[in-house]
Enquirer: 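Input: one structure, supplied below.
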Amino acid sequence: MFAHTALRIRTAAWLLSTAILLLLAGCDASPEAAQPSTLERIQKEGALRVITRNSPTTYFQDRAGETGFEFELARRFADSLGVELKVETADSLDELFTRLNQPDGPVLAAAGLVATEGRKSQANFSRAYLEVTPQIIYRNGQRRPTRPEDLIGRRILVLKGSSHAEQLAQLKKTLPELQFEESADVEVVDLLRMVDESQIDLTLVDSNELAMNQVYFPNVRVAFDLGEARSLGWAVAAGKDDSLLIEANKFLEQVQKNGSLQRLKDRYYGHVDVLGYVGAYTFAKHLQQRLPRYEKDFRKAAEKYKVDWRLLAAIGYQESLWTPDATSKTGVRGLMMLTQNTAQAMGVVNRLDPKQSIAGGAKYFALVHSGLSEKMSEPDRTWFALAAYNVGIAHLADARKLAQAEGLDPNKWLDVQKMLPRLAQKQWYSKTRYGYARGGETVHFVRNIRRYYDILNWVTQPQMEGTRVAESGLHVPGVNRTIPRGEPSQL
Ligand code: BLG
């Protein structure tokens, strides 16, 4: 009896404790609910950890620090969440998705990713922020494929785990003879270089990648677009936690509406096609053949006048294609194209001496730059100084006044650039203080220099030295393409 009672009490106690446990567990029906959401974790840690790839279209370091389209967009997102942005890079797409799905891994992938069927098991994608078209790339001078059937029998390489690998695998279902290879050890720049150097016949990349990299690989050409345009989106780990994705979508919608996404696109992609094929080819050639002769002089003048040497080099390229005896029909001369008056004022005796021309140009640039309104901030201040270098400070002042009269901001380059072409139209220049000027040319002048400057920044960025792009030899003075991997560049 006693034993029974004791047993019953024990059983009751056990049942009770089990019930309590179940009850407690019941409050916590899904194990996830006990965990903070991704968004809560980000807010608690005060940091948004983003994973990306190192490429001109996504993320890289330049002399001013971290940059790139994806980096800038992600930074704005982190700002909107009131947290710090922490960027890490993956060496391959497979690694990127693996790390994204690790519990302690980065929470967002911002890496120019297409939301494909195959990726849906690995990630959830945000709304679109950029449209791109997949393009088959071939080498100029080789047979140009014009339709999918033409891909058969050609050596094709794409990135392992890429949307392009998925696309070709899909195509292979209807074209069984199609062969292609995938590699995890390369980046898009490597694929383009391999086509450029005839190591492979063809590759498949997104239109934005090609546009951005064309200049480094002047022999590559678009064969044809493979399929429709597709959207790039940000990715979060696959799973039920959509707290970050909701915020990302809200943010992307907002930047689309308020125009800041468009401004970012303009900044990174707006002038990528300034050069065209011929210009890109010529620039790449001159980068190897001519720049090495003057690089030391650019660096020396840059140091003396506290200007970035790459900017001086970019001016020199725009002015004369790095030719010391360039002469215009109006008598402007030399590598930095100094007018007689300006040369005299800068103490240049012989304008055709490249050392003197570069030093004089640097001195003049620094002078106009420091003389500009305090209200202009960088980088606009630099673009204004370039404009003044070309059209003179007086005409620039006229264009700024026109901007003011139109309700635009005279200290914003984007606004004043709209006014400069008016200096060549009588209805406008007749009302200005200094009259006619070829302001439209100045807009081109600044735009081209910015493009050259971007390229020089990319090819001389610290982390690229001795790596694959450097191997292409584009920026290594006096060194051809046989430079062994890993050898430090001379820059
Ligand atoms: C610039 C001068 C400015 C000058 C403007 O002209 O030359 N810059 C230099 O010499 C570095 O100093 O401003 S001003 O002194 O305040 O009047 C306006 O006169 C040079 C420009 C002219 C242009 N390239 C540097 O950008 C040029 O070569 N024009 C010739 C065109 S064409 O080939 O004859 O059609």
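Just so you know, these numbers come straight off a predicted model, no measurement behind them. Counting starts at 1 for both ligands and their atoms, following the listed order.
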Enquirer: Mind checking whether Leu204 and Gln167 have side chains closer than 4.5 Å, heavy atoms only?
Expert: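 Yes, side chains in contact.
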Enquirer: Decide whether a cation-pi geometry holds between Arg450 and Trp383; the criteria are a distance under 6.0 Å from NZ or CZ to the six-membered ring centre and an angle within 45° of the ring axis.
Expert: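 So Arg450 does make the cation-pi contact.
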Enquirer: Using a 4.5 Å cut-off on heavy atoms from C-beta on, say whether the side chain of Leu157 contacts that of Met194.
Expert: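 Counting from C-beta outward, Met194 and Leu157 do come under 4.5 Å.
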Enquirer: Does the Lys NZ or Arg CZ of Lys431 fall within the cation-pi geometry relative to Trp428 - under 6.0 Å from the ring centre and within 45° of the axis?
Expert: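 Because its charged atom sits under 6.0 Å from the ring centre and within 45° of the axis, Lys431 does stack over Trp428.
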Enquirer: Report all protein residues having a heavy-atom distance below 4.0 Å to some atom of ligand 1; order the list by chain, then number.
Expert: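 Under the 4.0 Å cut-off, ligand 1 touches Glu319, Ser328, Lys329, Thr330, Val332, Met337, Leu338, Thr339, Thr342, Tyr364, Tyr389, Asn390, Val391, Gly392, Ile393, Arg438, Phe445.
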Enquirer: Main chain of Lys257, side chain of Gln262: is a donor-acceptor contact present, judged purely on distance under 3.5 Å?
Expert: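 A pair under 3.5 Å: no.
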Enquirer: Can you tell if the side chain of Asp150 reaches within under 4.5 Å of the side chain of Phe224, non-hydrogen atoms only?
Expert: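 Answer no - side chains too far apart.
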